[in-house]
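Since we're looking at a predicted model, the values are computed, not measured.
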Amino acid sequence: PALSRTSESDLYPYYPDLLFFHVYGPMDKYEEIIRRVRERTTAEIVLWTSHLDRASSNTREKIGRAAAEQDERSKAIFDIARRYGCMVVDLRRKWSRMMLEKGYTPDDLLADTIHMNKKAPGFPAYARFLYEELPSAVPPAAAFDAQPCGTIEEIAVTDPRVRRGADGSLALAFDGNRVVAVSDGTGVAACRVTLDGREPKTFPDMFYATRPSRLTSWMPMIMHVYRADDALPVEEDWTLTYIEGTKSLGRPVHYRVEGSVTGFDGEGWNTNDFRSASGRAVILSRDFHTWQYDYFVKQRGAAKRDSVPGQKVTWSVKPLFADPYEAQPAGTRTPLVQNCPNGPHRLVVTPQACGDATSRAARPGIASFIVYRPAGARQPDL
């Protein structure tokens with residue numbers, strides 16, 4: 001379930017070309033992540049079923065059953081793959097057959113109840129079971145226009161969909177939620193970028209919050225920091241500081257938040273949902289990972305500090321656009337806009353004055369635009 005929160009920082013803003021995805025936990029959250037990848041990106045997706053844990057492989061009979069029949073979780077993964085157009089590898093069945101053929105027991109492969117022993121033969125086999133099926137998954141070229149992941153199209157500046165203005169501007173009519181500029185290396189000035197006649201910074205969804213910092217373990221102390229729907233974010237760094245009233249093991253945590261641009265923005269408790277004064281920081285009580293104090297500090301005796309006033313959690317709000325667009329070496333790819341509403345738009349890149357060298361400045365130095373259009377949440381019956 002935690003991944004459904006941290007993916008807001010780690011996955012969707014990254015906008016991958018190819019996503020290899022596996023996780024445990026409830027299948028509704030598993031599907032939620034796949035659905036959002038389809039809504040927000042054009043990534044192709046590879047899913048796979050789980051290897052056997054200790055309980056499901058402690059007898060030859062159980063291993064044989066796993067090799068012959070899919071468990072309920074595997075069936076659910078195959079169903080999601082079918083509905084969202086993902087590649088799926090039945091790794092569980094391959095793993096089971098490997099155990100039968102080699103005579104492996106859980107002690108030969110696992111470090112605990114489920115995690116693999118990285119020095120055991122199952123570790124390289126796991127990757128091989130995925131990779132060996134990838135070549136057969138590549139569709140013929142003619143099928144790419146109808147891929148369930150959506151479309152990616154490169155549009156040269158000579159294409160009729162690109163209009164060149166007398167001021168050297170380039171105007172692109174496109175349908176999608178992301179545009180990347182490919183430089184031709186001739187740009188000599190910064191360029192103003194507008195989307196549908198507006199500055200990109202006026203689109204709240206074209207900002208994202210990074211994953212908050214860790215404090216007690218490798219996991220973030222807060223899974224994700226949102227913003228209120230009516231708040232307009234700005235690029236800035238944020239700090240949450242524990243203050244007087246914070247108790248041992250985070251029961252509870254009293255804190256204040258402040259942004260490098262916004263300034264002091266309020267105080268809250270981890271026992272309640274929090275909205276900052278500006279609305280630029282919204283923290284849900286269930287996203288506060290104070291359970292880590294019990295597990296890593298108290299139970300495992302990790303060399304980490306207990307919760308005390310003065311401790312800090314940090315994150316940043318970053319733009320998903322380039323404004324201005326700066327001249328780049330030939331071949332450089334620069335995202336101009338990302339995570340705008342997935343639909344028709346008009347993007348304009350306008351060179352700014354460069355001293356009195358007007359004719360030279362009137363070149364954005366862009367060879368082409370790459371337009372990304374996600375398929376959306378449709379569930380194709382493949």
Side-chain angles (χ1 to χ4, degrees), residues 1-7 10-11 14 16 18-34 37 43-81 86-137 211 214 216-220 223 289 291-292 294-296 299-304:
L3 277 186
S4 69
R5 319 295 279 175
T6 58
S7 59
D10 299 338
L11 176 55
Y14 184 73
L18 175 62
L19 170 65
F20 288 84
F21 184 78
H22 180 267
V23 72
Y24 296 97
M27 290 306 298
D28 64 326
K29 294 299 182 184
Y30 182 109
E31 181 172 355
E32 176 184 284
I33 292 173
I34 300 303
V37 171
E44 297 189 62
I45 304 172
V46 180
L47 309 176
W48 60 93
T49 56
S50 307
H51 70 287
L52 302 186
D53 61 11
R54 191 171 291 273
S56 59
S57 60
N58 56 14
T59 69
R60 304 296 285 176
E61 180 183 2
K62 289 181 180 179
I63 299 172
R65 188 159 54 247
E69 304 173 2
Q70 285 187 336
D71 65 341
E72 290 305 310
R73 185 175 186 84
S74 297
K75 292 178 182 177
I77 291 173
F78 267 80
D79 179 59
I80 289 172
C86 310
M87 176 186 173
V88 61
V89 176
D90 198 348
L91 184 140
R92 184 179 183 85
R93 182 163 295 179
K94 291 186 171 196
W95 188 271
S96 303
R97 289 172 178 171
M98 175 188 71
M99 293 190 71
L100 292 174
E101 292 170 4
K102 303 291 187 180
Y104 290 145
T105 68
D107 290 335
D108 297 319
L109 303 173
L110 303 179
D112 49 32
T113 58
I114 188 155
H115 296 100
M116 288 181 287
N117 180 346
K118 294 183 179 180
K119 297 181 180 180
F123 196 67
Y126 191 101
R128 187 177 69 251
F129 290 159
L130 294 176
Y131 296 156
E132 64 190 12
E133 293 203 21
L134 291 181
S136 62
R211 177 193 284 211
R214 63 184 184 175
T216 304
S217 75
W218 58 267
M219 288 176 271
M223 286 190 282
H289 262 187
W291 65 269
Q292 295 180 66
D294 266 344
Y295 185 73
F296 290 101
Q299 296 180 29
R300 300 185 64 180
K304 303 290 183 181

Check your understanding: When you look at Asp112 and Asn117, which way does the side-chain contact (heavy atoms from CB on, under 4.5 Å) test go after all the steps?
Key -> CA-CA 8 Å; Asp112 49 32; Asn117 180 346; over 6 Å; no

Do [X] and [Y] touch side chain to side chain, with heavy atoms closer than 4.5 Å?
X	Y	answer
Ser50	Leu91	no
Glu44	Met87	no
Arg214	Met219	no
Lys29	Leu3	no
Trp48	Phe20	yes
Phe21	Val46	no
Phe78	Asp90	yes
Asp107	Arg54	yes

Practice item. State plainly whether the residues Lys94 and Glu133 are in salt-bridge range, i.e. N to O under 4.0 Å. Key: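 Salt bridge flag = yes for Glu133 with Lys94.
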
Point to revise | Residues Asp71 and Arg65 bridged, charged N to O under 4.0 Å | key: no

Exercise for review: Would you please test Val89 and Leu47 for side-chain contact (heavy atoms from CB on, under 4.5 Å) and show each step?
Suggested key: CA-CA 6 Å; Val89 176; Leu47 309 176; over 6 Å; no

Short question: side chain of [X], backbone of [Y] - any donor-acceptor pair under 3.5 Å?
X	Y	result
His51	Gly122	no
Asp108	Thr105	yes
Ser57	Asp53	yes
Arg92	Thr49	no
His289	Pro220	yes
Lys62	Ala55	yes

Review point. Does the side chain of Asp10 pick up a donor-acceptor pair with the side chain of Ser7 at under 3.5 Å?
Key: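 The answer is no; no qualifying pair exists.
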
Check your understanding: Do Tyr104 and Trp95 get their side chains close enough for a donor-acceptor pair, meaning under 3.5 Å?
Key ->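 No pair is found: no donor N or O on one side chain lies under 3.5 Å from an acceptor on the other.
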
Check your understanding: Can you list the steps and then say if Leu52 with Met99 is a side-chain contact (heavy atoms from CB on, under 4.5 Å)?
Key -> CA-CA 10 Å; Leu52 302 186; Met99 293 190 71; 4.1 Å; yes

**Study point:** Trace of the ring-ring contact (aromatic ring centres under 6.0 Å, His included) decision for Tyr30 with Tyr24
**Key:** CA-CA 8 Å; Tyr30 182 109; Tyr24 296 97; 9.8 Å; no

Check your understanding: What is the minimum heavy-atom distance between Ala43 and Pro16, and which atoms define it?
Key -> CB-O, 3.2 Å

